[in-house]
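Take a look at the structure set out below.
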Amino acid sequence: MDNIAEGFERGSKYEFINSLTISKGETGELKSQLYRCFDNKYISKESFDELYNLADEITKMLTGFISYLNKSKIRGQKFKNR
């Protein structure tokens with residue numbers, strides 16, 4: 001969430017997209033950590049499945065948003081008067 005907020009506040013579509021891709025990568029890292037938690041029996045299969053599915057949904061939402069922004073003509077607040 002912090003990566004997304006920081007990227008948005010920079011006022012550039014390109015920096016925002018970069019922050020979204022970082023967030024997407026962090027979600028992949030979370031999925032890896034979930035596997036380790038499950039393998040080490042820190043969480044149940046049910047918890048693993050629920051959390052993994054939520055992380056996977058976030059990945060899909062980020063991917064869709066990045067795709068939308070890449071197609072958008074909006075450049076960002078930083079470029080408003082240029």
Side-chain angles (χ1 to χ4, degrees):
M1 184 167 73
D2 294 336
N3 289 328
I4 294 169
E6 179 182 355
F8 179 79
E9 285 297 320
R10 290 181 181 263
S12 163
K13 174 175 92 168
Y14 306 106
E15 289 180 270
F16 188 33
I17 290 170
N18 184 57
S19 295
L20 291 169
T21 60
I22 290 169
S23 296
K24 189 176 169 206
E26 302 258 352
T27 307
E29 185 178 355
L30 172 62
K31 290 178 182 179
S32 173
Q33 293 166 351
L34 287 170
Y35 273 107
R36 283 197 305 277
C37 286
F38 177 67
D39 290 345
N40 289 300
K41 301 184 182 2
Y42 294 130
I43 59 174
S44 67
K45 176 70 170 140
E46 294 78 24
S47 292
F48 170 83
D49 289 341
E50 179 182 359
L51 294 169
Y52 189 92
N53 288 336
L54 287 170
D56 203 43
E57 184 65 25
I58 290 169
T59 297
K60 290 174 186 174
M61 289 190 293
L62 287 167
T63 300
F65 194 29
I66 291 166
S67 178
Y68 164 78
L69 288 173
N70 276 323
K71 294 174 187 171
S72 171
K73 295 190 185 313
I74 298 169
R75 293 180 24 197
Q77 193 68 18
K78 185 185 279 188
F79 302 101
K80 187 175 183 179
N81 296 319
R82 293 185 189 182

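Keep in mind the model is a prediction, meaning the values are calculated, not measured.
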Treating Ile, Leu, Val, Met, Phe, Trp and Tyr as nodes and any side-chain heavy-atom pair under 4.5 angstrom as an edge, say whether Met61 and Phe16 lie in one connected cluster.
yes
Audit row: Lys45, Phe38, side-chain contact (heavy atoms from CB on, under 4.5 Å) steps and yes/no:
CA-CA 7 Å; Lys45 176 70 170 140; Phe38 177 67; 3.7 Å; yes
Partner residues of Ser67 under the side chain to side chain contact (heavy atoms under 4.5 Å, CB included) criterion, sequence neighbours left out
Lys71
Verify same cluster id: Ile58, Phe65 (apolar side-chain graph, 4.5 Å):
yes
Roughly how far apart are Tyr52 OH and Ser32 OG, rounded to 0.5 Å?
10.0 Å
Taking only residues at least two apart or on different chains, which pairs with a member in residues 60-69 satisfy salt bridge (charged side-chain N to carboxylate O under 4.0 Å, His left out)?
Asp56-Lys60
Rounded to the nearest 0.5 Å, what's the gap from OG1 on Thr59 to CG on Leu62? Could you check?
6.5 Å
What residues form a side chain to side chain contact (heavy atoms under 4.5 Å, CB included) with Leu30, not counting sequence neighbours?
Gln33, Leu34, Ala55
Calculate, to the nearest 0.5 Å, the distance between atoms CG and OH belonging to Asn40 and Tyr35 respectively.
14.5 Å
Check whether Asn53 reaches the backbone of Asp49 with its side chain - one donor and one acceptor, N or O, closer than 3.5 Å.
yes
Measuring only between side-chain heavy atoms, which start at C-beta, is Ile22 closer than 4.5 Å to Glu26?
yes
Kindly work out whether a path of hydrophobic side-chain contacts (I/L/V/M/F/W/Y, heavy atoms less than 4.5 Å apart) joins Phe8 to Tyr68.
yes
Report yes if the side chains of Asn18 and Arg10 come closer than 4.5 Å at any heavy-atom pair, otherwise no.
no
What closest approach, in Å, do Asn3 and Ser19 show between heavy atoms, and which atom pair accounts for it?
O-CB, 3.2 Å
Counting distance only, does the side-chain N/O of Lys24 pair as donor-acceptor with the main-chain N or O of Thr63 below 3.5 Å?
no
